[in-house]
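Comments concern the structure below.
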2 protein chains.
Amino acid sequence: MTTTIRLATSNDAAGAGQSKCGMCGFKNLCLPQGLTDSEIGRLDKIIGRRRRVERDENLCRMEQPFHSLYAVRFGHFKTSRVNHSGQQQITGFQMAGELLGMDAIGNGQHACGVVALEDSEVCEIPFARLQELFAEVPQLLRHFHRIMSQEIMREQNAMLFLGNMRAEQRFATFLLNLSTRYAARGYSPSSFQLRMSREDIGDYLGLTIESISRLLSRFRASGWIAVDKRELRILDHAKMEELATGIVLAAAAPARAQIFMQAAHA
Amino acid sequence: MTTTIRLATSNDAAGAGQSKCGMCGFKNLCLPQGLTDSEIGRLDKIIGRRRRVERDENLCRMEQPFHSLYAVRFGHFKTSRVNHSGQQQITGFQMAGELLGMDAIGNGQHACGVVALEDSEVCEIPFARLQELFAEVPQLLRHFHRIMSQEIMREQNAMLFLGNMRAEQRFATFLLNLSTRYAARGYSPSSFQLRMSREDIGDYLGLTIESISRLLSRFRASGWIAVDKRELRILDHAKMEELATGIVLAAAAPARAQIFMQAAHA
DNA sequence: CGAATCTTTGAGTGCGCTCAATGTCGGTGG
DNA sequence: CCACCGACATTGAGCGCACTCAAAGATTCG
């Protein structure tokens with residue numbers, strides 16, 4: 001590599017691939033979480049090449065053979081499944097520090113297609129080598145199990161809103177989920193960009209593009225959010241939580257609110 | 001082996017707990033899949049007590065601390081989550097050979113409640129001991145990862161029908177799913193009992209109890225199924241697949257059917 | 001500037017929900 | 001034995017939320 005311009009993605013020592021995880025700003029959200037420096041070093045050694053993925057490019061397609069997991073280094077992705085009749089369901093949106101491809105382990109082929117929502121970069125993690133490392137770094141294995149389990153919980157949360165919630169509640173839940181995840185990454189929980197199109201949001205929430213558009217308009221008109229194209233600000237966080245949980249934490253229903261607060265802190 | 005008659009549930013040598021997995025009729029569907037006899041023996045040693053669970057009894061509740069996974073030995077279970085506003089989503093129905101509790105690994109507490117649909121029995125698998133065994137039996141670890149990944153896929157399938165399908169299509173998908181799973185266990189794929197109430201089915205499919213009842217009536221009136229209480233027979237399997245996939249494999253649309261058949265075999 | 005894509009907004013419709021009544025079954029006690 | 005009860009299931013009537021269809025506006029990109 002002889003290029004001179006380097007973005008935030010750059011790594012020092014060319015080639016050998018040292019300190020990939022150790023220097024990554026998201027190591028506490030990603031696979032290395034809870035590992036010692038020396039263990040991180042061993043993980044570094046098996047991390048494959050970084051891979052740039054341009055906006056709208058497929059990181060992998062459904063039914064492709066599985067070789068590697070991918071950790072998002074920066075950028076955003078969407079994962080989706082299409083069934084025989086052509087119906088698409090977006091199964092999730094992934095951001096920096098999150099792991100992609102765990103659905104592919106079971107059958108040795110990707111169950112979801114993965115597409116970049118913007119120019120992004122992932123770290124390739126050859127699964128065969130990761131498995132070897134599990135034997136040597138038990139803490140890594142334990143954390144990997146936690147990550148997979150959390151992926152299961154994430155999907156179950158999606159089932160919960162797809163099966164039970166009205167459009168308004170789904171959408172508020174979605175916005176709060178983004179808010180929380182950005183906060184965990186040190187970004188503003190109240191002001192962020194929607195990296196995905198209205199259609200993607202709809203395909204995730206089980207709603208149409210028109211419904212998403214109407215929800216955005218209505219939330220804006222109510223003064224709960226501000227939207228300009230894909231720029232979004234949550235103006236009334238409490239109202240969002242009220243919508244998402246269905247619980248009114250206000251003077252109107254103080255008794256019930258207290259009960260909930262106690263439960264939440266228990 | 002000196003006994004002549006053995007129920008699926010019986011175990012010989014009292015106490016010590018030998019040959020639990022080795023003699024289990026579902027070992028090829030469960031954790032021991034692909035293990036050698038000696039490896040199964042090692043797995044046997046860590047399997048905790050068997051636990052009987054009566055109909056409507058909780059195997060575990062939401063937010064309980066996590067210690068063990070459970071393998072269903074016989075009987076049926078449902079797993080469900082309830083959110084703050086009291087909305088319930090059934091996340092799945094489990095039968096013999098299936099593993100319960102993987103959602104609890106991530107946070108160390110059960111994300112789902114588990115209730116027996118009939119008198120049932122599970123094998124308790126202390127997770128800490130299972131983790132120790134992973135280090136000694138790599139094949140077990142690999143298979144465990146496959147199981148967790150398949151659980152992720154299962155949840156994603158649920159997202160697909162909850163987000164995209166009409167009531168009729170969801171219900172046909174549900175019936176075919178049961179059919180396939182019973183077939184894999186050596187039972188009839190076309191005749192089985194619905195172990196769960198209409199309400200449970202509704203809470204799983206994101207529909208009301210009335211809708212489920214109407215669907216059953218309509219499917220019966222159309223001659224596609226026979227229902228008597230909870231006894232169900234699939235009379236027209238092809239029609240069920242047509243409904244579930246949205247693809248008509250019939251003379252009416254031969255061209256499209258051919259395309260699908262090719263794709264399915266590719 | 002024009003073409004393509006994405007988004008917003010409106011009008012009307014229909015699927016599945018809500019509410020309500022009736023039916024069926026198993027259990028319990030007189 | 002029947003009467004009664006509670007749980008579960010079925011069926012009907014009417015409604016409303018989100019969908020479909022349609023058109024216009026906004027934005028991006030060549």
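Side chains included, hydrogens not; waters and symmetry mates left out as well; all remaining heavy atoms used. Order of the sequence lines sets the chain letters (A, B, ...), proteins ahead of strands, with each chain counted from 1.
- When rounded to the nearest whole Å, the span between CZ of A/R218 and P of D/dC17 equals 9 Å.
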Inset, instruction - I would like to know whether B/L175 and B/L232 meet side chain to side chain contact (heavy atoms under 4.5 Å, CB included); could you show each step before the answer? - result: CA-CA 9 Å; B/L175 292 182; B/L232 189 133; 4.1 Å; yes
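- Per the geometry, CG belonging to B/L216 stands 6 Å off P belonging to D/dT10, to the nearest Å.
- Donor-acceptor pairing under 3.5 Å is recorded for the side chains of B/Q94 and B/T79.
- Pairs of residues two or more places apart, or lying in two chains, that qualify as salt bridge (charged side-chain N to carboxylate O under 4.0 Å, His left out) and include a residue from residues 175-201 of chain A are A/K78-A/D200, A/E98-A/R181, A/E98-A/R185, A/E118-A/R195.
- The distance between atom CD of A/E168 and atom C1' of D/dA18, rounded to the nearest whole Å, is 13 Å.
- Annotation: the terminal axes of the helix from C/dC1-D/dG30 to C/dG30-D/dC1 meet at 30°, where each axis is the rotation carrying the C1' atoms of four end pairs onto the next four (5 pairs per end, rounded to 10°).
- Atoms OG1 and CD, on B/T173 and B/E168 in that order, are 10.5 Å from each other to the nearest 0.5 Å.
- Ring centers of A/F93 and A/Y204: under 6.0 Å apart, within the cut-off.
- The main-chain N or O of B/E54 is found under 3.5 Å from a side-chain atom of B/E57 such that the two form a donor-acceptor pair.
- The existence of a salt bridge linking B/R51 and B/E124 is excluded, since no basic side-chain nitrogen approaches an acidic carboxylate oxygen closer than 4.0 Å.
- We find that CE of A/M165 is positioned 17 Å from C1' of D/dC17, with the value rounded to whole Å.
- Near-neighbour residues of DNA chain C inside residues 192-204 of chain B, defined by a heavy atom below 4.0 Å, are absent.
- Proximity of a side-chain donor or acceptor of B/D236 to a complementary backbone N or O of B/K239 within less than 3.5 Å is detected.
- Under the 4.5 Å side-chain criterion, counting only non-hydrogen atoms from C-beta, B/F77 is in contact with B/S120.
- Nucleic acid contact class of B/R170 (heavy atoms, under 4.0 Å, all strands): none.
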Inset, instruction - Go along nucleotides 19-30 of chain D 5' to 3' and tag each nucleotide: B for a protein heavy atom under 4.0 Å from its base, S when only backbone or sugar atoms are that close, - otherwise. - result: SBB-----S---
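- Checked against the 6.0 Å centroid threshold, A/F171 and A/F161 do not count as a close aromatic pair.
- With a 4.5 Å cut-off on side-chain heavy atoms, A/M159 and B/E155 count as touching.
- Scanning for ring pair (Phe, Tyr, Trp, His ring centres under 6.0 Å) contacts around A/F192 gives A/Y182, with sequence neighbours left out.
- Using a 3.5 Å distance cut-off with no hydrogens or angles, the side chains of B/S85 and A/T245 do not pair a donor with an acceptor.
- Here chain B contacts DNA chain C (any atom closer than 4.0 Å to a heavy atom, that is under 4.0 Å), and the contacts span C/dC15 to C/dC25 from 5' to 3'.
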